[in-house]
There are 2 protein chains.
Amino acid sequence: MAKARPRKSRDAEVTRQAILAAATAEFARKGLGGARVDEIAARARANKRMIYHYFGSKEKLFTAVLEEAYGHIRSAELALPLTELEPEKALEELLRFTWTYYLAHPEFLSLVNSANLHKARHVSNSVRFKASGPPFIGMVKSILDRGVAKGVFRAGIDPVQLNITIAAIGYYYLTNRFTGEILFERDFMSKTALAERFGFNLVTILRLVEKRRENETDGVAISAGQG
Amino acid sequence: MAKARPRKSRDAEVTRQAILAAATAEFARKGLGGARVDEIAARARANKRMIYHYFGSKEKLFTAVLEEAYGHIRSAELALPLTELEPEKALEELLRFTWTYYLAHPEFLSLVNSANLHKARHVSNSVRFKASGPPFIGMVKSILDRGVAKGVFRAGIDPVQLNITIAAIGYYYLTNRFTGEILFERDFMSKTALAERFGFNLVTILRLVEKRRENETDGVAISAGQG
DNA sequence: CCTCAGAGTAACCATATGGTTACTCTGGAC
DNA sequence: GTCCAGAGTAACCATATGGTTACTCTGAGG
């Protein structure tokens, strides 16, 4: 029965992509330390030798996977047509984009965790990686500026902090849902649960940025002391 | 030169704890897949055999590490004297506790990530683990209830969602700081940066819960639709 | 139609790894 | 003082693992 698999037709790019896709899945599922090169080769229906041929080492393959994952979300972000929307609506859409992207690409969340477990060592020298930061921040800043100009957002909000918070409230819920479901005895992934969480997050962000009275930049005293 | 190390004195509990501490560090640093049993034994200055003697397997050791880590934060939480404080102040102290705990115990964050990478499989049957959920939630709920009674918090806030958000905004900033520092070209861990983040988070939470007008339960329209 | 860069393969290797075997030693109970 | 449960040790094992060697085959360019 075991008919010898026909030699794969020669196409460097196809093979490279297959390896990258297989590696993305494997690293996301098991982390860098738990991922197996043999398993990646098998998933990619490629020979293990090809991995070393195209990527050099397991760690460099990990770098390539991270670069691609960040590149992907960056492209999707940049394609968002937020400038056409009113600032409140633009912020909501940005939050929704983040949320739906995380839901559609759980492997991205896992890869970010893995990258940070290793102190981002695998991307610290990556030009491609570094390029995926600034665009998003510019977007948030522009929304904030427009909101302030329109008089609906308070001034002085740090776009980086806001950006981190937007990511955090979606990200944490999704990546830590397994322990969360046990501790809180609640289904985190039902349609209702997801809608509830999104609604909660939207309220969180809108309340955070909204301006409440004339000449008031921040209604809450900032007591930032850390001891 | 190599004087044989004197046989360690017999103390089961001391050895068990040393192994647990070493395993906590190793799992936190490298994840479950990247951690090495030999390395844990060496760090604990124990014989590898002892690990299997006390814990049975690498995975069961991982379970023990998670149980202990969650047990530790739970104890610390329960020791918080929040009932004596006004609700606004109690919420602030809860946020501060979470933040300072995360800062003092970075290994906890990493272990939570690892547990969830493996879909919480290692703790899903752990009674000890399950016990660490409810207390915290009860605490948040009680603070919210007191705040509503006092007329300073809006009604209808889900304590579980609030709890998740409190954790998220600190946790995400800290665990993903390595990629964050590259992407945002900013120091995340300087005294100033930490104080800024805490201040931002405090504003986020206080604005989220505060009541703004009489008879108003939620000033922001909840559009929770997910499409 | 020939050529050959380089795509693809299988078998192999040194070492690392989780786990075990077979043993010795110690300190508290009597 | 004697005993022995069980704490502690070293050497070992089968297998898995990242990486390499030595090779064949193919298809685009001339």
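Just the heavy atoms: all of them, side chains too, but no hydrogens, waters or symmetry mates, feed the values below. Below, chain A is the first sequence line, B the second, and so on; all start at residue 1.
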Task: Touch class at under 4.0 angstrom, heavy-atom based, for F55(B) against every strand present - done: nothing
Task: F97(A): ring pair (Phe, Tyr, Trp, His ring centres under 6.0 Å) partners, not counting sequence neighbours - done: Y101(A)
Task: salt bridge (charged side-chain N to carboxylate O under 4.0 Å, His left out) pairs, two or more places apart, involving residues 157-177 of chain A - done: D158(A)-R186(B)
Task: Separation of atom CE in M50(A) from atom C1' in dT21(D), rounded to whole Å - done: 13 Å
TODO: Indicate whether OP1 or OP2 belonging to dA7(D) is found under 4.0 Å from a side-chain N or O atom of H53(B).
DONE: yes
Task: Pairs meeting criterion ring pair (Phe, Tyr, Trp, His ring centres under 6.0 Å) with involvement of residues 44-67 of chain A, two or more places apart - done: F27(A)-F62(A), F62(A)-H122(A)
Task: Those residues that, when tested against F129(A), pass ring pair (Phe, Tyr, Trp, His ring centres under 6.0 Å) (two or more places apart) - done: Y70(A)
Task: Residues which pass ring pair (Phe, Tyr, Trp, His ring centres under 6.0 Å) with F188(B), listed by chain and number, not counting sequence neighbours - done: Y173(B)
Task: B/S/- contact track for nucleotides 13-20 of chain D, protein heavy atom under 4.0 Å - done: ----SBBB
